[in-house]
Asker: 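This structure is in structure tokens; I'll ask about it shortly.
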Amino acid sequence: MKAVKFIAAAFLACLLCSCGGSEPNDIAFVVALGFDKGTQSEYEITIQFAKVNQISGGSSENGGKAGPEIIQNVTVEAPDMYSAINTANHIVSKKFSLSHAKLIVFSRSLAEEGIGSVVDTIIRSNEIKPDVYMAVAKDSAKEYLSEVKPVVEVNPAKYYQLVYGENESGGIPKTNLLNFYFDKEAEKKSSVVPLAGVTQAQSGGEDGTEKSTENNANQNAPVNEEGFEYKVKNYTAGEVAVNGENKSEAMGMAVFSGDKMIGTLGSVDGELYNLLSGTLKRSYISFRNRDNDTPVIVKIFQYKKPDYNIDIENKTIDIKLFLESDLYSRPQENYDVDHLEEDITNDINSSAENFIKKVRDEMGCDILGIEKKLGYKFLTNESLAEYDFKSDFKNYEIRVDAKFEIRRIGMKT
Amino acid sequence: MNLIGKKEFSSMLITLMSVKLLLSYPLNLIKNSGNAAWIQMIFVTLICLLIFKVTTMLYEKKINIIELAGIHGNKAVRIIVGLLIFIALFLNMVSVMRIFPESVKIVLLPDVETDIIIGVCTLTVFIGAMLGIESAVRINYIFLPICGILLAAFLLLLLPYYKIENILPLFGNGGTNIFLKGISGLSVFSDIIVLNILLAYSKNIREARDSGYRAIIISGTVGVLTTLVYGLIYPYPVSKNFVLPIYQITRMINLSSFFNRFEALFQFIWSILVFLYGTIYVYMLCFVWQTTFGLKYIRPLFLPVVLLVSAVALIPQSIMDANNMERVFENISYPIAFLLPIIIGAIDKRKGIKENESS
């Protein structure tokens, strides 16, 4: 019996000898994947991987590097993601690992044709986490990834996490792969995905003239004339000039019907979307000033998720928003807080209503997932499926009622 | 024979029942009831409590059903009952021992052959069984609270992902599916038969009864919580697309930037629980065989039983076949597990009444 115990213990000890597999030094950690339409094959896939020896010190004693030195791109044509990785492994000596991938970018042309099969393949992967961020590049995914040069970040994965996951400006939706997959499969919500782009070269500046704040191609980005984000341009990615090394931008959103992209919306629309879906926690918003042309700046906090009340019989959708704010600029010397609150509330309500109607009537989409919220009106899935909300949606009256209060006035009286 | 305490008995039963909840059992509930899988789980827990109540009312002796069948019938009856129980337990174990290595291959060891993983599992449960039921049950008693704490941590960390709209409409695929077809969900509690087989290890019938109630309520609660949480996060019908529901939700947990792979903890818990499950089951199968045929020694049975389980577990070619096999096996095993104690208990009670009347 002692011999048996000894053999058993020796066997177990063998299992503890190492973790097996590859050493970290032998692995190339993929941080982003870009999908474009291929010419020879189905896709042109850009694999962006971290140069681990350059990050956070690495082999240097002077700390980690930043910018283009911490990442590298390899682009190959392949029928799917895994074939692309196999091919790329013939170019890059290290074995690719997808476990730290943070972003998947699709080109606009590919998104318009449908990205369902790619998403299905990725969602099956045990290596890629389901909360990997998604974006649609306005032009080419390869171009966008080539222009990503995270100047202030030493970790490229962190860069994508901050841009796509923890961005509080509200100009882009926070959509990850799993959310997109849910919307695509359940067919009760149109998905929205952040728009990514590359800014064009700036005009002026080099010869002493005043630098442009916008790139040449998109100086005519529409100025928002509604009360919410008054006079703020409704930018999409690539329209704001970048005065620096990193020319990549994420702004606005791509709207999907099923797995096909059908249109784009700007950054102001993105803020309204986040406000209505309850994901805008805090943001600085400018509102129309009734007394003069200078906008009023307010820091808005959404302290509770919006409340949706859908009345099928009377065809009404009542949305309640719960907001409080800090006033950061005074509309005039002697202003009435109640009057200002009422003006801002009206601006929020009308802008939000117009936004929902615009998306519904122009794109035929339900990006807020109102159909999903109908579930409480029915007892079974069968009875819910019998009601054709998609056809009936256009007949609904939409009413937004913001509960808005000014609570603080910043650090100055 | 060392007696097993009430709490240790309960924790053993909880482990046996809960292991299936970590594998593909919730998926079967979702396929049947849609987003109302958690209601089906409540329903089957209540039905199981009712069946257990009936069983305990009829079953009053501290003798397991194989021996009781032998007392009231002849040797053939004893062998038939023993073999039926052996088959029920065997089918239960084979399902888990097949699905678990496939799941390990998917999530932990993608480069290792399934045969090797099954081999390692087999060896582990063999060694565990050789050490005896008492040691397995005591280790399980220490380990189970750790699992409970981790489960609570998982449920709390997943709070930001809960969406109440995902479990609406409330009755999912309808009352017929939940309350009629849903009865097959009882299979998760079929391990309750172990309580009857190991009656000799309990102090008295009352303690065994209390352990049974406690195990059903705790396992049922775990089942309701896990299916509810999965339903709150994954909308139907997307929720039926994933092979391992509970593993799938653990993948969503991020603790800041530091713990991005929280599922590793789940995999650790999961593996230990399955090994404990296997150990207890191998011992149970051998114990049933020993009792059925009145054998003197149990230890020589461990190796052939373990090899037999592994051999049958290797039959399905793929995880899809394994899932289909599991569904078939469950539908065979749970009626045996629930009905046999009631039938034998009823016969015993009736004969007891007749004997009292005649005396």
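Numbered from 1 within each chain, the chains take letters A, B, ... in sequence-line order. All of these numbers come straight from a predicted model, not from anything done at the bench. Below, all heavy atoms of this structure are taken into account, side chains as well, without hydrogens, waters or symmetry copies.
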Asker: Rounded to the nearest 0.5 Å, how far does NZ of A:Lys373 lie from CD1 of B:Ile164?
Answerer: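 Here the rounded value is 12.5 Å.
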Asker: How many angstroms lie between atom CD1 of B:Ile167 and atom OH of A:Tyr376, to the nearest 0.5 angstrom?
Answerer: 15.0 Å
Asker: Could you tell me which portion of B:Leu131 (side chain, backbone, both or neither) has an atom closer than 4.5 angstrom to a non-hydrogen atom of chain A?
Answerer: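 Neither part.
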Asker: What part of B:Leu123 gets closer than 4.5 Å to chain A, counting heavy atoms only: side chain, backbone, both or neither?
Answerer: side chain
Asker: More than 12 heavy atoms of other residues, nucleotides or ligands under 6.0 Å from NZ of A:Lys320: is that the case?
Answerer: no
Asker: What are the two closest heavy atoms between B:Val238 and A:Glu185, and how far apart are they?
Answerer: CG2-CB, 3.4 Å
Asker: Using 0.5 Å steps for rounding, measure from the CG atom of B:Leu168 to the OG1 atom of A:Thr380.
Answerer: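 Output value for this atom pair is 12.0 Å.
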Asker: Examine distances only and state if a side-chain atom of B:Arg251 and a backbone atom of A:Asp131 form a donor-acceptor pair shorter than 3.5 Å.
Answerer: no
Asker: Output the distance between atom CE (B:Met252) and atom NZ (A:Lys129), rounded to the nearest 0.5 Å.
Answerer: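 Reported value, rounded in 0.5 Å steps: 9.0 Å.
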Asker: Go through the atoms of B:Phe242 and report whether side chain, backbone, both or neither lie under 4.5 Å from a heavy atom of chain A.
Answerer: side chain
Asker: Has B:Lys181 got more than 12 heavy atoms of other residues, nucleotides or ligands less than 6.0 Å from its NZ?
Answerer: no
Asker: Tell me, with the steps shown, if B:Tyr247 and A:Asn126 meet side chain to side chain contact (heavy atoms under 4.5 Å, CB included).
Answerer: CA-CA 11 Å; B:Tyr247 172 70; A:Asn126 179 50; 2.7 Å; yes
Asker: Considering non-hydrogen atoms only, spot the tightest contact between A:Phe378 and B:Pro169 and give its length.
Answerer: O-CB, 3.3 Å
Asker: Go through the atoms of A:Leu384 and report whether side chain, backbone, both or neither lie under 4.5 Å from a heavy atom of chain B.
Answerer: side chain
Asker: Give the member of A:Glu127, A:Lys305, A:Lys377 that has the highest number of heavy-atom pairs under 4.5 Å with chain B.
Answerer: A:Glu127
Asker: Contact part of A:Leu374 toward chain B, heavy-atom cut-off under 4.5 Å: side chain, backbone, both or neither?
Answerer: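 Answer is neither: A:Leu374 stays 4.5 Å or more from chain B.
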Asker: Could you tell me whether B:Tyr297 atom OH has more than 12 heavy atoms of other residues or ligands within 6.0 Å of it?
Answerer: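 Open: at most 12 neighbouring heavy atoms sit under 6.0 Å from OH of B:Tyr297.
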Asker: Can you tell which part of A:Ser383 gets under 4.5 Å to a heavy atom of chain B, answering side chain, backbone, both or neither?
Answerer: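 For A:Ser383, there is no contact with chain B at all, as no heavy atom is under 4.5 Å.
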Asker: Where does B:Leu109 contact chain A at under 4.5 Å (heavy atoms): side chain, backbone, both or neither?
Answerer: neither
Asker: Using a 4.5 angstrom heavy-atom cutoff, name the option from B:Gly175, B:Gly172, B:Gly174 with the most pairs to chain A.
Answerer: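 Highest number of pairs under 4.5 Å: B:Gly172.
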Asker: By a 4.5 Å heavy-atom criterion (distance strictly below it), what part of A:Glu187 contacts chain B: side chain, backbone, both, or neither?
Answerer: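 A:Glu187 has no heavy atom closer than 4.5 Å to chain B.
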Asker: Going from CZ on A:Phe182 to OH on B:Tyr236, what distance comes out if it is rounded to the nearest 0.5 angstrom?
Answerer: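 Between A:Phe182 CZ and B:Tyr236 OH, I get 14.5 Å after rounding to 0.5 Å.
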Asker: What are the two closest heavy atoms between B:Pro237 and A:Ala186, and how far apart are they?
Answerer: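 Shortest heavy-atom contact: CD-CA, 4.2 Å.
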Asker: Mark yes when over 12 heavy atoms from residues, nucleotides or ligands other than A:Lys174 sit less than 6.0 Å from its NZ; otherwise mark no.
Answerer: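 More than 12 heavy atoms, drawn from other residues, nucleotides or ligands, come within 6.0 Å of this atom.
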